[in-house]
Amino acid sequence: ERIAIYPDYCDGIEVINTSNAPKCNENALWYGKTFDLYMTCGSDTHWLGRDNLGGIYTERELCSVEDHVSVIKNREPIELYQMKPLLCLK
């Protein structure tokens, strides 16, 4: 399957999703770098017992969805976290 993402209408892209296949993450990383999008990481953890998690470290505490959106829209510095690294970000 293909997903159409329009960079002029995106504030960012999740380049690492620990629930996705490695190729999906590689494609997202290429897309993020190619179009200079803000890149984030997550895990789609909707159940217990996951053995790999992903997320972000921020310079400030995030207390709401609005805080998270603000970090992305303002392109604040973050560090991507992968419990078991799936993708080299260099």
Side-chain angles (χ1 to χ4, degrees):
E1 288 185 37
R2 299 189 121 194
I3 298 174
I5 302 172
Y6 301 95
D8 292 340
Y9 299 99
C10 291
D11 295 305
I13 188 168
E14 186 176 68
V15 298
I16 299 169
N17 179 323
T18 60
S19 294
N20 283 352
K23 185 65 176 166
C24 294
N25 292 326
E26 291 167 12
N27 289 342
L29 180 63
W30 174 87
Y31 198 88
K33 287 182 174 182
T34 299
F35 295 102
D36 190 33
L37 295 174
Y38 190 82
M39 295 184 272
T40 68
C41 175
S43 54
D44 260 345
T45 303
H46 301 280
W47 59 89
L48 296 174
R50 289 287 317 229
D51 65 348
N52 196 12
L53 300 174
I56 62 171
Y57 290 114
T58 61
E59 292 182 349
R60 63 184 172 103
E61 183 176 4
L62 304 181
C63 298
S64 66
V65 170
E66 291 79 15
D67 287 348
H68 195 155
V69 169
S70 174
V71 165
I72 294 169
K73 285 192 169 192
N74 293 315
R75 297 178 77 97
E76 294 178 25
I78 63 170
E79 180 181 337
L80 304 183
Y81 169 77
Q82 307 170 70
M83 184 182 287
K84 295 178 183 176
L86 300 173
L87 184 63
C88 178
L89 297 171
K90 295 181 181 186

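Annotation: the span from Ser19 atom OG to Leu53 atom CG amounts to 9.0 Å, rounded to 0.5 Å. Here the CG-OG distance, from Asn20 to Ser43, works out to 10.5 Å after rounding to the nearest 0.5 Å. The distance from atom OG1 of Thr18 to atom CD of Gln82, rounded to the nearest 0.5 Å, is 8.5 Å.
Below 30°, between 30° and 60°, or above 60°: for Phe35 and Tyr31 the angle between ring planes is between 30° and 60°, a tilted geometry.
Proximity of Val15 to Leu80: side-chain heavy atoms (C-beta onward) are separated by under 4.5 Å at one or more points. Contact check for Glu79 versus Ile56: no side-chain heavy atoms found under the 4.5 Å cut-off. Looking at His68 and Thr58, their side chains never come closer than 4.5 Å, going by heavy atoms from C-beta outward. Arg60 places a side-chain heavy atom less than 4.5 Å from the side chain of Asp67.
The hydrophobic cluster containing Ile72 also contains Ile5, counting ILVMFWY residues as joined when their side-chain heavy atoms lie under 4.5 angstrom apart, directly or transitively. Tracing side-chain contacts under 4.5 Å through hydrophobic residues (I, L, V, M, F, W, Y), one reaches Trp30 starting from Leu37; they form part of the same cluster.
In this structure, Tyr38 contributes its side chain and Asn74 its backbone to no donor-acceptor pair below 3.5 Å. A donor-acceptor pair under 3.5 Å links the side-chain atoms of Asn25 to the main chain of Asn17, judged by distance alone.
Of all heavy-atom pairs spanning Glu59 and Pro77, the tightest one is OE2-CG, 3.5 Å.
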